[in-house]
Number of protein chains: 2
Amino acid sequence: MTAAADRTFSISELAQEFDVTTRAIRFYESEGLLTPERQGQRRIYSRRDRVRLMLTLRGKRIGLSLQEIRELFELYDAANNDEPQLMKFVDILTRREQQLTQQMQDIQLVLREIGQLKAQCEHWMEKRSGGLPD
Amino acid sequence: MTAAADRTFSISELAQEFDVTTRAIRFYESEGLLTPERQGQRRIYSRRDRVRLMLTLRGKRIGLSLQEIRELFELYDAANNDEPQLMKFVDILTRREQQLTQQMQDIQLVLREIGQLKAQCEHWMEKRSGGLPD
DNA sequence: GTTCCAGTTTACGTTAACGTAATCTATGCT
DNA sequence: AGCATAGATTACGTTAACGTAAACTGGAAC
């Protein structure tokens with residue numbers, strides 16, 4: 001049933017799509033973030049691998065290290081474990097949650113300052129271009 | 001007038017207050033982010049230096065490099081220059097603005113996922129502690 | 001005086017996240 | 001067969017942001 005939803009990708013396809021180098025992708029694998037299959041020697045990426053790459057890049061954008069990203073993957077995968085494991089999971093998530101909230105506040109502050117500065121600049125520039133003597 | 005608003009700080013006072021090492025503070029100076037005065041050999045930090053340290057740490061929290069932070073300081077200081085300079089300024093700010101907006105979106109996504117995961121975990125844990133046979 | 005103590009300088013070490021060759025392999029095309 | 005092309009492996013190089021250690025200084029306290 002549901003024929004051929006099992007699309008696969010080459011390394012350079014993924015590299016192109018997400019604008020990263022093949023080197024980076026192989027590096028992520030060596031760090032345990034991706035686990036592509038092999039056809040002989042060549043890596044062959046599933047849709048799952050593709051999603052993991054997306055998540056990896058998103059994690060990076062918000063300032064997670066590759067290690068942390070991998071830990072989250074592992075926890076996510078094995079989160080039907082025992083209770084202490086779950087506690088640890090919740091703990092990590094809570095901490096990160098607080099960091100991110102702080103980070104958002106910082107960013108909002110900076111965005112406001114940036115807005116003001118830009119307004120200032122444009123104000124200055126208008127003045128100058130308006131007040132030129134012949 | 002306005003007597004003694006000119007408070008100064010030692011390096012370890014600042015280190016304590018902001019929870020960074022003295023090494024880091026000296027390093028920021030070597031990178032041109034701080035310019036404390038000297039009493040003989042010792043560094044003596046003004047309120048201005050203190051503000052700059054705050055801004056530096058805030059910049060770091062939102063993922064700016066020390067170089068970028070210094071550039072912003074320099075631009076901020078000398079932003080009454082000529083028009084090309086102002087244009088460059090606005091340009092940098094705009095780019096950073098876009099990055100930060102993107103970053104905020106990412107963070108909000110992750111925060112939602114974290115919320116869901118935590119709810120799941122707590123749900124599981126309730127179930128277990130509730131359904132124990134004697 | 002000497003012993004702390006905070007501070008300074010100098011310099012080498014470290015981690016993360018790849019970049020950059022160099023060399024080798026497999027395969028499809030002509 | 002010969003060549004181009006994409007991919008693989010191995011290994012050394014690089015940058016940022018400090019850490020860490022060693023050795024020195026200058027005043028304060030005993």
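Chain letters run A, B, ... following the sequence lines, proteins first and then strands; every chain starts at 1. Worth knowing before you read on, the calculation uses all heavy atoms, side chains too, and leaves out hydrogens, waters and symmetry mates.
No side-chain donor-acceptor contact under 3.5 Å links B:S12 to the backbone of B:A15. Between the side chain of A:Q16 and the main chain of A:E13, no donor-acceptor pair closer than 3.5 Å is present.
Per the geometry, CD1 belonging to A:I25 stands 16 Å off P belonging to C:dA17, to the nearest Å. As rounded to whole Å, 18 Å separates atom C1' of C:dA6 from atom CZ of B:F9. The distance between atom CD of A:E13 and atom C1' of D:dT5, rounded to the nearest whole Å, is 15 Å. The CD-C1' distance, from B:Q16 to C:dA6, rounds to 13 Å in whole Å. Straight-line distance from the CD1 atom of A:I11 to the P atom of C:dC18: 13 Å, rounded to whole Å. Atom-to-atom, CZ of A:R26 to C1' of C:dG19 comes out at 13 Å; the value is rounded to the nearest Å.
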List every contact pair, protein side and nucleotides 10-12 of chain C side both N or O, where the distance is under 3.5 Å.
none

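Dashed line: the shortest gap from a side-chain N or O of B:K60 to OP1 or OP2 of D:dA16 is not under 4.0 Å. Contact annotation: B:T21 does not reach the phosphate of D:dC18 (side-chain N/O to OP1 or OP2, under 4.0 Å).
At a non-hydrogen distance threshold of 4.0 Å, A:F27, A:Y28 from residues 27-45 of chain A come into contact with DNA chain C.
Comparing atom distances between the B:S10 side chain and each of C:dG7, D:dA17, C:dA17 picks out C:dG7 as nearest.
Residues satisfying the side-chain contact (heavy atoms from CB on, under 4.5 Å) test with A:R70, not counting sequence neighbours, are A:L33, A:Q67, A:E74. Scanning for side-chain contact (heavy atoms from CB on, under 4.5 Å) contacts around B:T8 gives B:I44, with sequence neighbours left out. Qualifying side-chain contact (heavy atoms from CB on, under 4.5 Å) partners for A:L14, counting only residues two or more places apart in sequence or in other chains: A:F9, A:E17, A:F18, A:I25, A:Y45, A:R50, A:L53. With sequence neighbours excluded, no residue forms a side-chain contact (heavy atoms from CB on, under 4.5 Å) with A:R42.
Residues B:E29 and B:R43 are paired through a salt bridge, judged by an N-O separation under 4.0 Å between the basic side chain and the carboxylate.
Among the atoms of the strands shown, none is found under 4.0 Å from any heavy atom of B:T22.
Taking NZ of A:K60 as the reference point, atom CD of A:E68 lies at 12.5 Å (rounded to 0.5 Å).
Two residues are said to be in side-chain contact when any heavy atoms from C-beta on lie closer than 4.5 Å; B:L55 and B:I69 fail this criterion.
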